[in-house]
Colleague: 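Sharing a structure here in structure tokens format.
Just so it is clear, the model here is predicted, and its values are computed rather than measured. Below, chain A is the first sequence line, B the second, and so on; all start at residue 1.
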Protein chains: 2
Amino acid sequence: MMMAHAKISDEELFDGLITVFRTFGYEGATMSKLVEATGLERASLYHRFPGGKTEMACAVLECVGERFAENILAPLAKPGDPAKRVAKMAKRTKEFYVGGRLSCLLDTMSVGGDKEQIQECVSRMFKAWFDALQKVSMDAGFKAQEAKQRAEDALIQIQGALVMNRAMNLTRPFGRIMDDLPQLLTGKD
Amino acid sequence: MMMAHAKISDEELFDGLITVFRTFGYEGATMSKLVEATGLERASLYHRFPGGKTEMACAVLECVGERFAENILAPLAKPGDPAKRVAKMAKRTKEFYVGGRLSCLLDTMSVGGDKEQIQECVSRMFKAWFDALQKVSMDAGFKAQEAKQRAEDALIQIQGALVMNRAMNLTRPFGRIMDDLPQLLTGKD
DNA sequence: GTCTATAGCTTGATAGAC
DNA sequence: GTCTATCAAGCTATAGAC
């Protein structure tokens, strides 16, 4: 029996790809899993991404980077009280990772890292995240060096909490870390 | 041409297996890579681990768990000043992860986690690590609840720093986190 | 206890119809 | 732009010689 042609939107397509790459990492994200998650056949995925799995992975990273910038980092650059901006960012981050139950794509995609192109994408996106955190910390009155360290600490704690959640199924630490972010980045609640 | 029989010690064998699983995760650790890293042929690996890749992964986790308990967690349970014990633990941890340049096996092995047996191993070993940290924090005078939170924070920061190092090639945060561990876990330096 | 050789399946990727 | 059908290569795992 012939299957109905699945004409899906870019958003649906990327939702499927993101889920697979985030859950299984680059190596674990097989074409079969990507086909199942998107509803498109192999050849259709290759039509959209002629560079194959590597191009899919990079496109997925870029897509998540854009969504992250719009939904999570944008509030950090708005005017107003830095502590309130960070609180908003923390709330959005909690939602983005579903209370910590989802892994970070940048984490899982960096495992095994023998594809230079992917490592470069991951590194660049982490840098954008870091810069946004450092900037809001400086807006709160911290000098560059102090703000840099606080931004590092924030990223470390977010990533660490997500790892602990994946490995031990602990959701509480992630929530606590998120709630403490305004204090960490701005010195105030 | 016939290859010389490679009779290697259990330690050499596990060194090879650990390196591959830690670097590439469970999915990325292919038999070819394991063969190359250990110097044994496929069939010889299956002779030692009849359960195949899954059994190898579990054995590797147990082996690392033992080494970790002996070299890193043991100093925590010795008599003496808790802050000094933690400092010793931190020093050993730095060496274990080569200044942060190596990933944590528990992290990379938990990516993709569709093998229940492996997830159970990872979770159990994290628990042992956590318990040792909580205990030394209680030895330093903190009540159970406070010590639990400090142990959580310590694990989160260690894991987070290792992720940041892998993804962004930043070694400095890991060293700083390690140096701050005595303060975090005991309240003193 | 290690090896060579191979089975059977899945992988990433491509050709060509519609 | 999606599909079916197929490829060569790589995968996990096994059989059997020494």
Colleague: Checking side chain to side chain contact (heavy atoms under 4.5 Å, CB included) between Phe49(A) and each of Leu13(A), Leu34(A), Val60(A), which is the one that passes?
Modeller: Leu13(A)
Colleague: Send over the distance from Arg42(B) CZ to dT2(C) P, rounded to a whole Å.
Modeller: 16 Å
Colleague: If I take atom CG in residue Leu45(B) and atom C1' in nucleotide dT4(C), what distance separates them, rounded to the nearest angstrom?
Modeller: 15 Å
Colleague: Lys115(B) has an atom NZ; how far is it from atom P of dT12(D), in whole Å?
Modeller: 10 Å
Colleague: Taking all non-hydrogen atoms of both residues, which atom of Phe96(A) and which atom of Leu102(A) are closest, and how far apart?
Modeller: O-CD1, 3.9 Å
Colleague: Relative to each other, are the rings of Phe174(A) and Tyr97(A) parallel, tilted or perpendicular (30° and 60° limits)?
Modeller: perpendicular
Colleague: Which parts of residues 22-38 of chain B get close to DNA chain C, meaning a heavy atom less than 4.0 angstrom away?
Modeller: none
Colleague: Check the distance between dT2(D)'s C1' and Lys7(A)'s NZ and give it to me in whole angstrom.
Modeller: 7 Å
Colleague: Between Leu76(B) and Lys135(B), does the side-chain contact (heavy atoms from CB on, under 4.5 Å) criterion hold? Intermediate values first, please.
Modeller: CA-CA 8 Å; Leu76(B) 287 180; Lys135(B) 184 165 180 314; over 6 Å; no
Colleague: Is there side-chain contact between Phe126(A) and Gln159(A), with at least one heavy-atom pair below 4.5 Å?
Modeller: yes
Colleague: Using a cut-off of less than 4.0 Å, is there contact between a side-chain N or O of Tyr46(B) and OP1 or OP2 of dA13(D)?
Modeller: yes
Colleague: With sequence neighbours left out, what residues match Ala151(A) under side chain to side chain contact (heavy atoms under 4.5 Å, CB included)?
Modeller: Phe130(A), Leu133(A), Gln134(A)
Colleague: Kindly say if Lys53(A) contacts the phosphate of dG12(C), meaning a side-chain N or O under 4.0 Å from OP1 or OP2.
Modeller: yes
Colleague: Determine: side-chain N/O of Ser44(B) to OP1/OP2 of dC3(C), distance under 4.0 Å, yes or no.
Modeller: yes
Colleague: Which is true for Arg48(B) with a 4.0 Å heavy-atom rule: it touches a base, it touches only sugar-phosphate, or it touches nothing?
Modeller: sugar-phosphate
Colleague: Whole Å only: how far is the CD atom of Glu12(B) from the P atom of dT2(C)?
Modeller: 11 Å
